[in-house]
Amino acid sequence: MTNDKASGDEAIPEQDEAAQARALSEQQRIRREKLAKLQAEGRDPFAVVKFDQTHHSAQIKAEFERLENAPVSVAGRIMSFRDIGKASFVDLQDRDGRVQIYVNADELGAEDYARVKTYDMGDLVGIEGFVFKTRRGEISVHAKKVSLLAKALEPLPEKFHGLKDPELRYRRRYLDLVMNSQVMDTFKKRTAIIRAVREYLDERGYLEVETPVLSTIASGAAARPFVTKSNALNLQLFLRIATELYLKRCIVGGMERVYEMGKDFRNEGIDIRHNPEFTMIELYQAFADYNDMMELCENLVAFAAVKATGSTKVNYQGTEIEFAAPWRRLTMIDAVRTNGGPDFSTVRGDEEARELAKSLGLGEELKKKLSDCSRGDILNAAFEKFAEKNLVQPTFIIDYPTEISPLTKQKPGDPTMTERFEAFVYGREVANAYSELNDPIIQLDRFQQQLRERELGDDEAYMLDEDFVSSLEVGMPPTGGMGIGIDRIVMFLTDAYSIRDVILFPTMKPQEG
RNA sequence: GAGCCGCUAGCUCAGUUGGCAGAGCAACGCCCUUUUAAGGCGUGGGUCCCGGGUCCGAAUCCCGGGCGGCUCACCA
């Protein structure tokens, strides 16, 4: 139970103590008593400030031939305790895994050995000893000295079944990490992927920059923002939904190649593919177009796949996915046509498209009233209905309708289409890129069209950013830009079913209150 | 936002037709100096998510609420 009562209430403490004693489980109470006893003996584990850890578990196992009989110091958490009388076997878990520790009364002396036997699973200990192999052939550390480095006042989850309850796993991720080694592996891979992305771009002359999370306009994407407030400025602010407009200002300023990898925030639904805060990389390259972005995308993701998993081929939820370049390229119109949908290349104008939408029963896919929909809206809806779910192997869908791409340059010779692509894997969008619109007059027109959409009730239409338009008036070179959803890439490379399995602390409702 | 499902010991889970709250691991005591889900003997541990209702009697049935999971909707 939370206790939110105001401080300074002198009458309550005694009741609090009683209440707390009652709230403690038998096991918690016993561990606190053990701690108190150690403290009374001048052996407070929480007073220890340092332990010299010379080796990790994995290294001892990998280099046993060289390390046999050598002195080592290892540190970690007690994960199991097999007491066989005057000797015990302890499984010690550190960052890399586990190594068995052998302790016996002869080596430690009766008094110290008796004290070690009072240590609990979950306690953090440091071991000084030497490497050996047991009769059963397990590489172990024979302890000459055992130091308690921190006491666990709460028992660990059950050693065989571990921690399974998804609610507890997400809320108390530290327990999940301790108990489930594949969870630790997933987050190590996440780090490897992020490091690989940075390495790939840094080597190609990209400058990593940081742009505002807080601003008065949340633009650059179609999404509802989180709202917050500055006390100092007495001003309503939004958390960013994209970094696009600031990064393009950097291109205007002459940085030529920039990227930012960080959190975006979208105030929308939460499910296995969406967390309100998520990690996105956006990158921009002057004098490049969307074809360059396609090559960059497929090579970057393949590079990250190799760095994280050792291969471009991964198994995702039972389906083999090949990330090696080149990825299939398919226009949106062809994707609809070849997946059982109509041929939009023969559809002229909004009215004809609306008739087609009616005959196809495209109701659910449309985001607004049919009478407000343009040919581009309907093509996009048909794509989502017919094609999207079939795009299992990495595929670039190219050439998006102008109406749904307000920051994108039109295709030369076809003003209804833009030089934009999205990359799909397993039916899910993982990247979005385009030849950036750099004509400030057309950009202003497109924003004004978005404002009309907003008036029609689309609260996700892009907000007008006048300073961004001003920056384009200064002159932005022709530029290719791309956004990649990092969490989704991590999901594919770690075979994660839910986005919550690749975010250490996913957004959860408080349990009480 | 809607539907379905879940919530019982620290953890993983049973709990029959509504009739004294259960197991394994963990804990506590004793035995055991190369075990490894160690083993043997014994002991303790519960706000059955919360609040109402029905009933002689509710973990179980009914109503309301909380949190979570899944599916759908939403989500460039």
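Note on naming: letters A, B, ... go to the chains in the order of the sequence lines (proteins, then strands), and numbering restarts at 1 for each one.
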Nearest-nucleotide pick for Glu167(A), side chain only, options being U12(B), C28(B), C67(B): C67(B)
For atom NZ of Lys509(A), is the number of surrounding heavy atoms from other residues, nucleotides or ligands below 6.0 Å larger than 12? no
Taking the C1' atom of each, how far is G18(B) from C13(B), in whole Å? 23 Å
How is Asn380(A) classified with respect to the nucleic acid when contacts are heavy atoms under 4.0 Å: base, sugar-phosphate, or nothing? nothing
In whole angstrom, give the distance that lies between atom CD of Glu388(A) and atom P of A76(B). 12 Å
Give the C-alpha distance, both sets of side-chain angles, the deciding distance and a yes or no for ring-ring contact (aromatic ring centres under 6.0 Å, His included) between Phe89(A) and Tyr102(A). CA-CA 5 Å; Phe89(A) 295 88; Tyr102(A) 176 69; 5.0 Å; yes
Scan for ring-ring contact (aromatic ring centres under 6.0 Å, His included) pairs involving residues 156-182 of chain A, sequence neighbours excluded, and state none if there are none. none
Nearest whole angstrom, please: distance from the P of C11(B) to the CG of Asn180(A). 14 Å
Measure from the side-chain heavy atoms of Tyr170(A) and tell me the nearest of A76(B), G69(B), A27(B). G69(B)
Using Watson-Crick or G-U wobble geometry with both distances below 3.5 Å, tell me the partner of C4(B), or none. G69(B)
Is the distance from OP1 or OP2 of A76(B) to the nearest side-chain N or O of Arg266(A) less than 4.0 Å? yes
By nearest-nucleotide position on RNA chain B, the 5'-leaning member of Gly269(A) and Lys509(A) is Lys509(A)
Assign Gly483(A) to base, sugar-phosphate, or nothing according to its heavy-atom contacts below 4.0 angstrom with the strands shown. nothing
For A14(B) and U8(B), measure between their C1' atoms and round to the nearest Å. 10 Å
Are the side chains of Phe396(A) and Leu330(A) in touch, meaning some heavy atoms are under 4.5 Å apart? no
With both distances under 3.5 Å as the test, what is the Watson-Crick or G-U wobble partner of A37(B)? none
Pairwise C1' distance, A2(B) and G19(B) [rounded to whole Å]: 39 Å
Which whole-number value in Å describes the distance from Met79(A) CE to C25(B) C1'? 13 Å
To the nearest angstrom, the CD-P distance between Gln28(A) and G46(B) comes to 12 Å
NZ/NE/NH1/NH2 to OD/OE distance under 4.0 Å, Glu260(A) and Arg240(A): yes
For RNA chain B, whose closest nucleotide is more 5', that of Thr118(A) or that of Pro155(A)? Pro155(A)
Is Met121(A) touching bases, backbone alone, or none of the nucleic acid, heavy atoms closer than 4.0 Å? sugar-phosphate
What integer number of Å spans the C1' atoms of U12(B) and U35(B)? 24 Å
Could you tell me how far A38(B) sits from G22(B) if I compare only their P atoms? Round to whole Å. 27 Å
Paired with G46(B): which nucleotide, if any, by Watson-Crick or G-U wobble criteria at under 3.5 Å for both distances? none
Round to the nearest Å and state the distance from Arg273(A) atom CZ to C72(B) atom C1'. 11 Å
Provide the distance between the two C1' atoms, one in G24(B) and one in G39(B), to the nearest whole Å. 16 Å
Donor-acceptor pairs under 3.5 angstrom involving side-chain atoms of residues 122-130 of chain A: please list them, not counting sequence neighbours.
| from | atom 1 | to | atom 2 | distance (Å) |
| --- | --- | --- | --- | --- |
| Asp123(A) | OD1 | Ala152(A) | N | 2.9 |
| Asp123(A) | OD2 | Asp120(A) | N | 2.8 |
| Asp123(A) | OD2 | Lys151(A) | NZ | 2.8 |

May I ask you to say what Arg171(A) touches in the nucleic acid, namely base, sugar-phosphate or nothing, with a heavy-atom cut-off under 4.0 Å? sugar-phosphate
Specify the separation, in whole Å, of atom CD1 of Ile78(A) and atom P of G10(B). 22 Å
Across all strands shown, which nucleotide pairs with U16(B) by Watson-Crick or G-U wobble geometry, both distances under 3.5 Å? none
What string of B, S and - do you get for nucleotides 34-41 of chain B, 5' to 3', if B is base contact, S is sugar-phosphate-only contact and - is no contact with any protein heavy atom under 4.0 Å? BBBBB---
Which part of the nucleic acid, if any, lies within reach of Glu26(A) when heavy atoms closer than 4.0 Å are counted: base, sugar-phosphate only, or nothing? base
Is the closest side-chain heavy-atom distance between Met417(A) and Ile333(A) below 4.5 Å? yes
Can you check the distance between G46(B) and G10(B), where both ends of the measurement are the P atom (answer in whole Å)? 8 Å
Inter-nucleotide C1' distance (C55(B), U60(B)), Å rounded: 13 Å
Considering just the side-chain nitrogens and oxygens of Arg500(A), establish if one lies under 4.0 Å of OP1 or OP2 belonging to G69(B). yes
Shortest side-chain distance from Leu163(A), nucleotide among C11(B), C28(B), G69(B): C11(B)
Quiz item: cation-pi between Arg428(A) and Tyr426(A), 6.0 Å / 45°: no
Length of the line joining Asn267(A):CG and A76(B):C1', which is rounded to integer Å: 16 Å
Under 4.0 Å between a side-chain nitrogen and a carboxylate oxygen: does that hold for Arg82(A) and Asp91(A)? yes
Counterpart base for G10(B), defined by Watson-Crick or G-U wobble contacts under 3.5 Å: C25(B)
What I want to check is whether the side chains of Tyr113(A) and Ser88(A) have a donor and an acceptor closer together than 3.5 Å. yes
Now, which nucleotide makes the Watson-Crick or G-U wobble pair with G51(B), with each of the two distances under 3.5 Å? C63(B)
Base, sugar-phosphate or nothing for Ile270(A)? Non-hydrogen atoms, less than 4.0 Å. nothing
Expressed in angstrom and rounded to an integer, what is the separation of Ile499(A) atom CD1 from G69(B) atom C1'? 17 Å
Within the structure shown, what part of the strands sits under 4.0 Å from Tyr400(A) by heavy-atom distance: base, sugar-phosphate, or nothing? nothing
